Amino acid sequence: MPAALTLRALTAQQDQLAPGHGLCAGCSESIIVRQVLAALGRPAVVALATGCLEVATTRYPWTAWQVPTVHNAFENAATTISGVEAAYRALARRGKVSGEPPVFVVFAGDGATYDIGLQWLSGALERGHRFLYVCLNNEGYMNTGAQRSSATIQGTWTTTTPVGTVVPGKPQWRKDVTAIVAAHHIPYVAQAAPHHWKDLMAKVQKAAAKQGPAFINVLAPCNRGWRFEPEETIRLSRLAADTCVWPLFEVDEGAWKLSYRPAQKRPIVDWLKAQGRFSHLLDPQRQDLALEVQSRVDQEWQQLLSRCGSG
Amino acid sequence: MTTTIARRGTKRPPVPGTPVAMNGAALVAHAMRQVRPDVVAAYPITPQTVITETFSEFVANGRVHTEFVPVESEHAAMSACIGAACAGARVQTATSGPGLALMWEVLGIASGLRLPIVMHLCTRALSAPIDILCDHSDAMAMRETGWVMLVGENVQEAYDNAIMAVKIAEDPRVSLPVANLLDGFVVTHCMERAELLPDDAVTEFVGEYSPTHPLLDLQHPVTVGALDFHDYYMEHRRQQEEGMANAKQAVEHAAREFASLFGRSYGLLDTYQLEDAEVAMVVIGSAAGTLRMVVDGLRREGVRAGLLRVRCLRPFPSQEVANALKGVQRIGVLDRSLALGAAGEPLWSDVVAALATHGAGHPVTGWVYGVGGRNTPPGQFRQAFLALLDPATQPGRAGYLGLRERR
Ligand SMILES: Cc1ncc(C[n+]2csc(CCOP(=O)(O)OP(=O)(O)O)c2C)c(N)n1
Ligand code: SF4
Ligand SMILES: [Mg+2]
């Protein structure tokens, strides 16, 4: 039985990720993980990709994980869970495991998902293993000190796209991995963000009920890499949805559906000025770049609206 | 300690096999079927493909109830094997040359996590130049990844090793992955007479696998693959080393049990005419067959020639190698791969270190042969033996067999 999504019911649950881990104060990753695990209402078996979450929660001889958890390497968490899930089916057939099947969950960063592990993810989706892949998208390689990824948007300062006299931050836009995953025609794909916990958790419950692979791309505000105060995490998450730089939607059995439409779409400068990684874009000399970011966001938003049939 | 290769005894073994004419890849696929793995994840690559194809047929026809995970690369093959083994499953895969190279990162993870995965390695040259034929550069590059490595000589031995490998890997004192090496094409594709054991006898021989801390034990959640630093890494490595050291006994134990049931006996080494030898060659793999013939020829001419074939490349049986070569004055090592820029080729280096460590510091001369699949006819091995008898021949690398030198 999936958990009832009321605060009263949820606060009565035991946390599956214990405190005492080493994630930064204000990190969204532990919030998201706890939301995901609390929503399931069934035991989970977790595979982690190398990244902030993994290094901060599995420092031997301690672990923050109250559910079985495996870390293999950076790029192959989707394949690791493929193996776990295949093993489960084999062992269940031989009567060596019994009871309600667990939910097989992957937590992996945007670097692990968009870049180095895209092939491994694609293979696992195509093979149709029953698992839920959660991308913790903080728009960069944060574990290794805030380098660019292909989820980083144009103009962003990162340590491999520094703002120099010649190059003003990352030159390229981002790729749309959510749509790439949707093109695998798996049962369930969604984007979510932690400020809208009810939406995120409802999506997790839908995903976990599917017979095949499911993918949720979750925006994961990172105060260290994005340069904002730790207490602003949830505000930043909301701002991403309100500026439409991170729209919330789902693709349920192929049907695209918007989950949240801001009453008033906020201008992208609100997003840019909230974070140190964009501070150079506020310079009037760099106004072109800020306008370009706005136009890319608008384009993607329009495309999403038309996909959702609400253009 | 002297052991001999699987020559069929005169006595009928308690469990006789059925004679078959089969190539090594197909027979190894039968071994995979008979050990009943829970999960197989594999990716085709010549010359290994026959194994994956044959096994897929067994799955498709319900002859084995294994979850076959048709991954999109060899890295993914090993990654899925790791996940499945962590879950508590008996797991197998197979690969060759470039496929093994692509797996490199995760080979060490399989071993570091102490997962008893069995991999059939159909040896193949590494690129570039790209070449699908046999040499041992793939195997030699994996020696430090923490896998037990068995090297067979022929179709029968590849099959027998495939079965014993499961027992060795799953021995709780070992708990390490095992690679079953068979020479690409020479063993994988050549049809030989061999014996296929009865299914139930093999299943019984390997027994049920009972993992110690499976991920799927939901009542006892464990975290696998945690982060170590300076504070624990060294001790974990040390434990892994103990597992590797224990593998020596486990190999011998499995071989003894195998021999008592099925009649074919194996050891860490296979010696031929070594007891009174004045000159001897050390080799691994399929070339040993040709070399035995060469030894016979030299013996007929009055040369006391001998052969030492190393069956267990990791853990390297240093003491046993030194003991076996104790009385031999002139020792040659035949390497089927290069070690560019190193003091010497891989097998040569292991043998030299073994002799130096165990007090038998005879000169050791090394030759490179058969690289990239080149055929080495008996005459070339014979030349190497004769060179060993020549006092002018120096220790160290003597050169290549069968190379066309630039003029
Ligand atoms: C094969 C490999 N390449 C590179 C690394 C170094 N590395 C570890 S984590 C990481 C970045 C992780 O980024 P992401 O997946 O976005 O996770 P985050 O830490 O941002 O949550 C990198 C580059 C590695 N561990 N393995
Ligand atoms: S660097 Fe960012 S993602 Fe990593 S732990 Fe800190 S806040 Fe979280
Ligand atoms: Mg990231």
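Predicted model only: the values in this text are computed from it and were never measured. Sequence lines set the chain letters: A, B, ... in the order given, protein chains first and strands last, and positions in each chain run from 1.
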Let me know if [X] has heavy atoms under 4.5 Å from chain A in its side chain, its backbone, both or neither.
| X | value |
| --- | --- |
| B:L215 | both |
| B:H220 | neither |
| B:Y233 | neither |
| B:F68 | neither |

Only pairs of heavy atoms separated by less than 4.5 Å count here; which of [options] has the most with chain A?
| options | result |
| --- | --- |
| B:H236, B:H65, B:E208, B:H75 | B:H75 |
| B:D217, B:L227, B:D38 | B:L227 |
| B:A41, B:P70, B:C81 | B:P70 |
| B:T66, B:V222, B:L113 | B:V222 |

In terms of heavy-atom pairs under 4.5 Å with chain B, which of [options] leads?
| options | result |
| --- | --- |
| A:T80, A:N76, A:V45, A:T69 | A:T69 |
| A:K96, A:E126, A:H71 | A:H71 |
| A:L91, A:L48, A:V97 | A:L91 |
| A:V67, A:T63, A:N72, A:T50 | A:N72 |

Between [X] and [Y], is there a side-chain N and carboxylate O pair less than 4.0 Å apart?
| X | Y | value |
| --- | --- | --- |
| A:K210 | A:E253 | yes |
| B:D199 | B:R33 | yes |
| B:E241 | B:R237 | no |

- Query: Is the gap between the ring centers of B:H30 and B:F58 under 6.0 Å?
  - Reply: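 Ring centres of B:F58 and B:H30 closer than 6.0 Å.
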- Query: Are the aromatic ring centres of A:H184 and A:F215 under 6.0 angstrom apart?
  - Reply: no
- Message: Does atom CD (B:E204) have a neighbourhood of more than 12 heavy atoms from anything else shown, all under 6.0 Å?
- Response: no
- Task: Please determine if B:K167 forms a cation-pi arrangement with B:F205, meaning its NZ or CZ atom is less than 6.0 Å from the six-membered ring centre and no more than 45° off the ring axis.
- Result: yes
- Sub-3.5 Å donor-acceptor pair from the side chain of A:R93 to the main-chain atoms of A:A90, do we have one?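 Between the backbone of A:A90 and the side chain of A:R93 there is no qualifying donor-acceptor contact (under 3.5 Å).
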